[in-house]
There are 2 protein chains.
Amino acid sequence: MVQKISFEEARERLMKRNLKATPQRVVIYEALVNMNNHPTAEMIYEHIHSNNPSISLATVYKTLDTFVDSKLADKVLSDHGVTRYDGYTDTHNHLYCTNTEELIDYEDEELVKMLEQYFESKRISNFKIHDIRLQVLGEKIDVRQQVELSK
Amino acid sequence: MVQKISFEEARERLMKRNLKATPQRVVIYEALVNMNNHPTAEMIYEHIHSNNPSISLATVYKTLDTFVDSKLADKVLSDHGVTRYDGYTDTHNHLYCTNTEELIDYEDEELVKMLEQYFESKRISNFKIHDIRLQVLGEKIDVRQQVELSK
DNA sequence: GTTAGTGCAAACGTTTTGCACGCTA
DNA sequence: TAGCGTGCAAAACGTTTGCACTAAC
């Protein structure tokens, strides 16, 4: 599960990956993790802008690229032509709500293992697997709708 | 498996979906299906341009949108900021080669069923599933490389 | 001090738009 | 012939770039 992190914790994680802990990076990483909604670069920029008016959007983009290279973040489902980032890099999958464009972490070790085992047993010829990504597309049903449906 | 289609077959499929069978649409649809490499709009435009110089790129985009709406095509993995289209709409998954950017159809009924059953049994609360998409990221290993590796 | 990171503005590539015209059913 | 589809050029959008400046180690 994702936990909110402090400025200090963000700083430490950057240094652990041998990244210079510039204030910009720390702020951007902290935002990415704490927003916890798979934000776009623009969303992160907006989020930090009032407290950090001098951090440019270009820096947000460059920094997110750096994080992806350093395995501090992943790019995730980019339907709609916008790249979204995930600061939670443990192997997991996503539910994507086609109504709200919400991306919901779907953590299920059983599923991850099932897929790994499946492809191990299949031994696809001529293809070396690096990563298995699964997205479940659908729609979030809120409680009121559920009550409505069960009538 | 994907089979090459004729102009006539393309025409018929459009009409079956209640789409006006304009020459542009027929040509674009025929190209999408017969190219069979999950092309971008631009790739389709290039492919048809010499024989159909008057069909504009904007029309290719609009037409592909129409196909997606009418379930004649799917948008698929759009890493790298370019949308790719798939004219083969039967449920299947993809292998994505991170070296060549090739998208390879991975047809495996067993896998599709396994996933369907898995999520049926899980009954994720508050979420109505429309579609389960799986991409396997990795790299194609060509025969020479394989020989190299097995030495 | 050296190297890597930042901010700016301009450029880029992809996709969408508005509108006049053309063609399909 | 009514209404949808098309072509064009321009605009919009997300993202990247080059470069001079700055700051972290």
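Each chain gets a letter, A, B and so on, in the order the sequences are listed, and its residues count up from 1.
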Heavy atoms from C-beta onward define the side chain here; which of [options] lies closest to that of [X]?
X	options	value
A/Thr59	C/dT6, C/dT15, C/dG5	C/dT6
A/Tyr61	C/dT24, D/dT15, C/dT15	D/dT15
B/Lys20	C/dT6, D/dG3, C/dT16	D/dG3
B/Thr63	D/dT6, C/dG7, C/dT16	D/dT6

Select base, sugar-phosphate, or nothing to describe what [X] touches, counting heavy atoms under 4.0 Å on all strands.
X	value
A/Pro23	sugar-phosphate
B/Ser54	sugar-phosphate
B/Thr83	sugar-phosphate

To the nearest Å, how far apart are [X] [atom1] and [N] [atom2]?
X	N	atom1	atom2	answer
A/Lys16	D/dC25	NZ	P	16 Å
B/Arg25	C/dC23	CZ	P	15 Å
A/Met43	D/dG14	CE	C1'	15 Å
B/Arg11	C/dT24	CZ	C1'	10 Å
A/Asp65	C/dG5	CG	P	12 Å
B/Ile48	D/dT6	CD1	P	11 Å
B/Leu14	D/dG5	CG	C1'	13 Å
B/Met15	C/dT24	CE	P	11 Å

Nearest-nucleotide comparison on DNA chain C, the residue closer to the 5′ end among A/Lys62 and B/Leu57: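 With A/Lys62 and B/Leu57 compared, the 5'-side residue is A/Lys62.
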DNA chain C: 5'-proximal contact among B/Val82 and B/Ala21 (nearest heavy atom):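 It is B/Val82, whose closest nucleotide lies nearer the 5' terminus.
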B/Gln24 vs D/dG7: side-chain N/O to OP1/OP2 distance below 4.0 Å: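 So the side chain of B/Gln24 is within the cut-off, an N or O lying under 4.0 Å from OP1 or OP2 of D/dG7.
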Inter-residue atom distance B/Arg25.CZ - B/Leu64.CG, 0.5 Å rounding: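 That separation rounds to 11.0 Å.
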First of A/Leu19 and B/Ile55 reached from the 5' end of DNA chain D, by closest nucleotide: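 By nearest-heavy-atom nucleotide position, the 5'-most residue is B/Ile55.
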Shortest non-hydrogen contact between B/Gly138 and A/His130, atoms and distance: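 Heavy atoms of B/Gly138 and A/His130 come nearest at CA-CD2, 3.6 Å.
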Non-hydrogen atoms of B/Glu30 and B/Ser6 that approach each other most closely: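 Distance-wise, the nearest heavy atoms are OE2-C, 4.1 Å.
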Among A/Glu101, A/Glu102, A/His94, side-chain hydrogen bond (donor to acceptor under 3.5 Å, both in side chains) partner for A/His38: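 Looking at A/Glu101, A/Glu102, A/His94, the match for A/His38 under the side-chain hydrogen bond (donor to acceptor under 3.5 Å, both in side chains) is A/His94.
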Working for side-chain hydrogen bond (donor to acceptor under 3.5 Å, both in side chains), residues B/Glu107 and B/Tyr88: CA-CA 11 Å; B/Glu107 293 182 78; B/Tyr88 178 58; 2.6 Å; yes
